[in-house]
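Just so you know, ligand 1 is whichever comes first in the structure, and atom 1 is the first atom listed for that ligand.
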Amino acid sequence: MASAPSITYGHQLDCAINAVRLASKLCQRVQLMLKASEKTDKSDDSPVTIADYGAQALVAWSLQKEMPNLPFSMVAEEDSDDLRKSEEGKGLAAKITALVNETISAEANAGPNSLSQDDVLALIDSGNSQGGSEGFHWVLDPIDGTRGFVGMRQYAVCLGLLHHGKVVVGVLGCPNLPQKRIEDADGVAESASKAGTDGVGVIFAAERNQGAFAGPLSGNGRPGEQLQLGDSQDFSQVRFMESYESKHSDHDFTAMLAAKLGVTQSPLRLDSQAKYGALARGDAAINLRFPHKSYREKIWDHVAGALIVEEAGGKISDASGAPLDFGKGRWLDLDRGIVSATPTVYKALLQAIKEVEVQPR
Ligand SMILES: Nc1ncnc2c1ncn2[C@@H]1O[C@H](COP(=O)(O)O)[C@@H](O)[C@H]1OP(=O)(O)O
Ligand SMILES: [Mg+2]
Ligand SMILES: [Mg+2]
Ligand SMILES: [Mg+2]
């Protein structure tokens, strides 16, 4: 008996790539003109900019335009509450609407002013799905690493697709990431100021069981370079990555882990899921995230990057080795932190975590 054909998600991958490219264009426009007044602070003290909202609206618009006949469910970070409450919020909503329309007319061959302010607020709120382990759900972080975005460092537009709780498509748009392998922290800092120029801006894309690919963010179609991780375990040569912000991941704990493994190179500190892309193309062999104890992870911070790492041949799990379960709603419950690495290094890393007694604070 012939076996059932396996499901592929090629059309959804193409649509996700187009949506991420469009939203990345909006982010690049805003980064050129960002002012403090266009940034608000949410109740968790994280910043949000007109670009976060605009990118969320554009991804929702683009996906629905390209797949009009499919039911649409999206789990996304932002909502329009703060844009409806105050005069200041309404002013931001008007700016976001103008920005979304400008980007659509410049990049997507649509007429100017094609979306009203209400349309844009509704698109932002279309990201309010609770997700879960049944059916299809898009998962979006319109800007991951907003602090990096504001600080002219790294950030990423991160879009994934869940099918029955498993990630089947993952796309990362990284406008400030160098297209060449990162050799040192200074090089990557410099690249962020050259966004939009030759050699800067990368898109990573993966489909389950079909591999992970990278290529220039500018341009069309699927990125062409397949990523396949090597697997050396020479810890004197291995470099690890972690958050730029020590508030987001415990740098003291990771330093202890690295010492236990015999890693001597200093860490590469980057904002956002750009780290997952950098791991998948071999810029570093380990990515460590140990948030402080009170922090609860959300699925949009890991869905797209996790598939890109796995399809490049890497491993990802929580700190106990348990797989990340993205099918439980908007939150991601896990043991202590999230680790990803090349396969042999990953095994040694889990062992080192067991042996290091002190827990992240
Ligand atoms: N207190 C916090 N601890 C850990 N992560 C945080 C905290 N506040 C925000 N984040 C999120 O951490 C991620 C950035 O990761 P990194 O530190 O690796 O750059 C982002 O998703 C960011 O949200 P946001 O998407 O709003 O930027
Ligand atoms: Mg945020
Ligand atoms: Mg995020
Ligand atoms: Mg975000």
Can you find an N/O atom of [X] closer than 3.5 Å to an N/O atom of ligand 1?
X	value
Pro291	no
His248	yes
Glu245	no

Run the numbers for me: atoms of ligand 1, each under 4.0 Å from some heavy atom of [X], listed by number.
X	value
Asp301	20 (C), 21 (O), 25 (O)
Ser272	16 (P), 18 (O), 19 (O)
Lys275	16 (P), 18 (O), 19 (O)
Asp141	21 (O), 25 (O)
Ser243	16 (P), 17 (O), 18 (O)
Asp271	19 (O)
Ile143	25 (O)

Heavy-atom nearest neighbour in the protein, as seen from atom 15 (O) of ligand 1, with distance rounded to 0.1 Å: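 The closest one turns out to be Arg289 NH1, 3.2 Å.
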Closest protein heavy atom (residue, atom, distance) for atom 13 (C) of ligand 1: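 Atom 13 (C) of ligand 1 sits closest to the protein heavy atom Asp144 OD1, 3.7 Å.
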Salt bridge (charged side-chain N to carboxylate O under 4.0 Å, His left out) between Arg336 and Asp318, worked out: CA-CA 7 Å; Arg336 287 165 292 169; Asp318 77 5; over 6 Å; no
In terms of ring plane angle, is the pair Phe136 and Tyr9 parallel, tilted or perpendicular, where the classes change at 30° and 60°?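 If you compare the ring of Phe136 with that of Tyr9, the planes turn out perpendicular.
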For a side-chain contact (heavy atoms from CB on, under 4.5 Å) check, start with the C-alpha distance between Leu261 and Ile286, then their side-chain angles and the critical distance, and finish with the verdict. CA-CA 11 Å; Leu261 282 168; Ile286 306 173; 4.1 Å; yes
Is it the case that the side chain of [X] and the backbone of [Y] share a donor-acceptor pair, with hydrogens and angles ignored and the cut-off at 3.5 Å?
X	Y	value
His137	Gly160	no
Arg208	Leu307	no
Arg21	Gly221	yes

Modelled atom types, side-chain donor and acceptor of [X] and [Y], under 3.5 Å:
X	Y	value
His302	Tyr276	yes
Glu242	Ser249	no
Ser62	Asn18	no
Ser73	Ser129	yes

Test item, Gly148 contacting ligand 1 (heavy atom, 4.0 angstrom):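 Distance cut 4.0 Å: Gly148 fails for ligand 1.
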Could you check whether any side-chain heavy atom of Lys95 comes within less than 4.5 Å of a side-chain heavy atom of Leu99, counting everything from C-beta outward?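 The answer is no, as the side chains (C-beta and beyond) never meet within the 4.5 Å cut-off.
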Do Arg153 and Asn176 come close enough that some side-chain heavy atom pair is under 4.5 Å?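 Heavy-atom side-chain distance check fails, nothing below 4.5 Å.
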I'd like the name of whichever of Lys247, Glu77, Glu297 reaches closest to atom 23 (O) of ligand 1 through any heavy atom.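 Selected option, by shortest heavy-atom distance: Glu77.
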Option set Trp300, Phe290, Tyr155, Tyr295, criterion heavy-atom distance to atom 6 (C) of ligand 1, minimum: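 Selected option, by shortest heavy-atom distance: Tyr295.
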By atom name, which N, O or S atom of Asp141 is the nearest to the Mg ion (ligand 3)?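 Nearest N/O/S atom: OD2.
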Restricting to N, O or S atoms, which atom of Asp144 is closest to the Mg ion (ligand 3)?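 Closest to the Mg ion (ligand 3) among those atoms: OD1.
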The Mg ion (ligand 4) as vertex, arms to O of Ile143 and OE1 of Glu77: angle to 10°?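 Roughly 160°, rounded to 10°.
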Between the Mg ion (ligand 3) and Asp301, is there an N, O or S atom separated by less than 2.8 Å?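 Checking Asp301: at least one N, O or S atom is under 2.8 Å.
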